[in-house]
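Below is one structure, written out as structure tokens; the observations come after it.
Below, read A as the first sequence line, B as the second, and so on, with proteins coming before strands; counting in each chain starts at 1.
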Amino acid sequence: MAVEQRVAERMAKDMKEISISEFFEKNRHLLGYENSTKALITIVKEAVDNSLDGCDEAGILPNIVVTLKQIGVDRFKIVAEDNGPGIVESKIPFAFGKMLFGSKFHRLKQSRGTQGIGISGAILYSQLTTGKPAKIISSTGGKIHEFELMIDTVQNEPSVASHITHTNKERWHGIKIELEAEGNYIERYQSIPEYLRQTAIANPYAHIVYNGPNGTLKFDRTTNIVPKQPKEIKPHPYGIELGILRRMLAMTRTKNLRAFLMRDFTRVGSRSAEQIFRLAKLESSRKPKSLDAEESERLHKSLQMVKLIAPPTNCLSPLTEQLIENGLKKELNAEYFVAVTRPPSVYRGNPFQVEVGLAYGGDLNPNSAAILYRFANKVPLLYHQSSCAITKSVEAVDWKRYGFQHPNSSVPVGPLVILVHFASVWVPFTSEGKQAIATYPAIMKDIKLALQDAGRKLAKFVRQKKQARDKQLRRQLFERYIPELAGSLSKLTKKEKNSIISNLEEIIKAGGSRISESKKIKKEKEE
Amino acid sequence: MPKKRTEKKLVGLGEDVLKDIKQKKNPKIEIPIRSLSNVVYDEKTKSLTLGDKVSKRFFFNVAHAKKFMQTMMVAAFCKELLNEKIHTSLRDMYYNLKHTISNSDENTFDEQRESDPIVIDLEVALDVLREQLHLSADVRGRAVGNVTILDRGDTVNLAKLGSGGYAIPSNIEDIKFKKVNAKYILVVEKNAAFERLHEDKFWKKHNCVLIGAQGQAARGVRRLIQRLSNEFKLPVYVFCDSDPYGWYIYSVIKFGSMSLAHVSDRLGTPHARYIGLTISDIEKFGLKDFTIKTRDVDIKRAKDMMKYKWFQHPAWQKELKLLIKGKRKAELEALSGRGLRFMTEKYLPQKIKNKEFLP
């Protein structure tokens with residue numbers, strides 16, 4: 001037997017399937033647990049994101065309480081409770097104890113979570129660092145179920161340690177999760193309070209209470225209107241990738257290509273379908289599953305060539321300009337606020353919408369780099385700022401035009417907070433930690449347009465303010481010199497000083513300070 | 001010019017400004033520009049004068065406001081000097097006018113550098129001399145000779161002032177000449193040469209007025225030369241180092257200076273002649289061993305001067321070329337190399353006798 005063959009056979013013996021839980025156990029940085037400071041933030045973030053999503057779907061005004069207690073040198077107990085719809089008893093172990101189990105992956109709809117990894121990742125981290133099970137208490141209004149469970153990482157299955165039920169006289173509904181985990185607690189910059197503060201800016205209809213190790217923080221709701229539930233949509237043909245199209249062709253329940261295009265896609269009508277078939281040279285009655293590689297490629301090309309209306313916007317739930325301004329005003333003491341919501345656009349067949357808010361002046365530090373708040377589907381992004389499409393777009397805008405210093409390839413300098421919200425049915429994160437948006441050109445372009453629009457509005461305000469200040473300074477300058485000038489003139493001409501002063505002041509009142517502004521006067525030349 | 005007229009001009013300046021204010025106009029003063037671009041060499045009068053470019057200074061202009069105020073302060077100050085009949089220096093004026101502006105932390109003047117140019121602005125704008133505004137310039141230079149003057153009530157005989165001679169004041173306007181007995185005026189750039197000529201009683205022997213400029217001639221020295229030569233028809237001979245610096249001193253006495261082009265007509269002496277030293281003298285008087293190597297700045301200066309309109313005479317062009325080519329220059333002291341009395345007994349008498357002057 002040849003050496004190669006023996007090696008290959010030995011290797012074949014070692015080959016086996018690895019479960020997704022096992023994979024993430026070894027690659028926990030992909031989930032946002034690479035260090036103990038970030039781990040605590042990620043746990044809170046996963047719990048709060050789930051709570052907000054649940055309340056949104058049920059149309060409930062969210063009340064969320066997060067409690068963090070230090071119970072050892074580097075050990076913390078995290079409790080997160082909401083008033084959402086809760087989870088039915090039978091699904092509780094899977095929702096929390098199995099990776100990639102969830103309701104959101106196979107649909108196109110704007111929501112915070114998508115893949116069913118987040119909260120089970122938190123439980124996995126907890127059991128890896130403390131060996132303790134997680135406690136989940138939930139009710140949909142009937143009995144209260146209390147589970148203690150761990151994740152069997154080899155099987156990717158929940159293993160329930162205990163399950164007890166309580167009566168529920170108050171008809172409480174919601175979820176309460178208790179975890180113990182190793183961690184390191186901080187309160188500045190990228191931290192739990194900062195995460196919750198930014199969450200409150202983007203979700204002003206939520207009431208969030210945080211009982212931290214150093215006291216309680218409350219974020220009151222500023223509006224009682226639950227945003228409209230975004231509609232679930234079918235993909236739009238523009239920008240869809242060939243691989244996805246082939247998968248859709250293979251999995252569709254429709255009987256012919258015409259039905260496939262009109263039912264499985266959005267914005268394809270009978271006329272545009274005919275056009276597509278003509279371009280692709282395909283029969284409309286063909287079975288979708290029967291297309292060969294070359295035919296599906298032709299179909300893919302034709303889909304991009306026909307004129308289609310943009311995807312419907314009811315699948316998106318933007319913050320709206322009003323809410324962005326309110327959110328910023330609530331948390332920042334600035335002088336000027338402006339917000340811009342762009343019309344929806346499409347990348348890779350996915351509708352998305354960009355919103356920008358700017359806060360300027362006031363208490364903001366005029367000499368430091370602008371502060372950037374990044375949001376994706378209303379969730380604050382705290383890490384990986386430099387690799388995010390939002391940061392790159394901010395850097396690519398020419399802020400000097402709007403009166404800011406702008407060091408090469410970095411954010412502008414000035415008393416400025418830049419908020420960017422990216423809303424989409426599918427946010428293209430660069431990793432499962434969900435901290436940075438991938439730099440698709442269509443996305444970058446729209447973010448830049450929104451920033452420029454807001455920048456222009458801000459620049460107008462800044463310019464007006466500067467003009468008013470300059471005018472004031474000019475006036476003060478003249479007023480300062482008037483008494484000396486009048487005194488000298490009085491000595492020269494023997495006229496009364498006070499009447500000269502009042503004459504000069506009259507010229508200022510009549511707009512004398514503008515005389516020199518409008519006329520270009522040749523600068524005096526000295527030797 | 002009588003004091004009355006100077007005062008009238010100052011008052012007129014204030015009244016013009018007041019008229020603008022009453023008409024609710026942006027008050028302005030017009031000041032001829034003194035930069036090099038506005039300095040013209042007048043062939044007819046043989047002097048440097050100002051062209052007709054004028055700058056306007058407005059009060060209601062952020063860039064002008066303070067200077068406008070300062071100009072009026074200096075004008076008012078000068079009017080008071082005239083009324084009180086006192087003279088003072090530029091530095092005294094600066095200290096007198098400097099104070100903190102009320103309700104601010106700003107000074108009327110921060111440095112003397114700010115007040116000095118305003119005096120020149122007024123000289124130009126009102127066409128008066130600084131001395132007529134009762135502001136004195138540097139006092140430098142001295143004179144000896146058979147001249148008797150009346151200076152501030154004292155009768156002074158310039159022949160009887162011992163080894164020091166008469167210190168030439170800044171203000172020559174009020175001096176009266178009682179008796180002048182001389183054939184010409186000899187102006188000497190350097191102090192050492194003045195001392196030599198004075199000790200040797202050169203002025204007595206040759207019956208001239210001897211004036212020591214001590215470097216660049218102060219305004220008083222220039223005015224005294226002008227008055228003496230104009231009022232008594234005396235030729236003027238200037239005696240400087242043979243280098244671009246010395247020659248420029250001569251040209252300032254003759255034509256006026258670029259920085260004071262506005263007063264050339266009252267400070268310049270167009271018929272002055274240059275007696276020496278020249279580069280040609282080095283050969284003629286055997287001074288070769290006592291010359292100095294030129295520095296780069298000398299050559300650069302000489303090249304600049306070759307372009308000046310008032311140095312276009314062939315004789316001067318020749319001297320400048322000789323200097324640039326030979327790269328040697330000579331100081332007055334070089335004459336001492338031929339003997340301590342060579343200058344008094346040989347060089348100057350020979351030059352004057354043969355009328356060896358440069359124009």
Quick one: do A:Cys388 and A:Arg374 satisfy side-chain contact (heavy atoms from CB on, under 4.5 Å)? Show the steps, please. CA-CA 9 Å; A:Cys388 181; A:Arg374 297 173 294 136; 3.2 Å; yes

I would like to know whether B:Lys300 and B:Met305 meet side-chain contact (heavy atoms from CB on, under 4.5 Å); could you show each step before the answer? CA-CA 9 Å; B:Lys300 190 183 169 291; B:Met305 282 167 67; over 6 Å; no

Ring pair (Phe, Tyr, Trp, His ring centres under 6.0 Å) for A:Phe478 and B:Phe60? Distances and angles first, verdict last. CA-CA 7 Å; A:Phe478 299 140; B:Phe60 288 112; 5.1 Å; yes

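Contact annotation for A:Ile482: both backbone and side-chain heavy atoms come within less than 4.5 Å of a heavy atom of chain B. Of the atoms belonging to B:Phe59, heavy atoms from both backbone and side chain fall under 4.5 Å from chain A. Using a 4.5 Å cut-off between heavy atoms, B:Glu80 touches chain A through its side chain atoms alone. For B:Thr71, no part lies under 4.5 angstrom from a heavy atom of chain A. Residue B:Val11 touches chain A through both its backbone and its side chain, counting heavy-atom pairs closer than 4.5 Å. For a residue to count as touching a neighbouring chain, one of its non-hydrogen atoms must lie under 4.5 Å from one of that chain's; by this rule A:Leu489 touches chain B with the side chain only.
Ranked by heavy-atom pairs shorter than 4.5 Å toward chain A, the options B:Met73, B:Glu106, B:Gln70, B:His99 are led by B:Glu106.
The cationic group of B:Arg301 lies under 6.0 Å from the six-membered ring centre of B:Tyr248 and within 45° of the ring axis, placing it in a cation-pi geometry.
When atom types are taken as modelled, the side chain of A:Ser490 and the backbone of A:Ala486 share no donor-acceptor pair closer than 3.5 angstrom.
Ring-centre distance between B:Phe68 and B:Phe58: not below the 6.0 Å cut-off.
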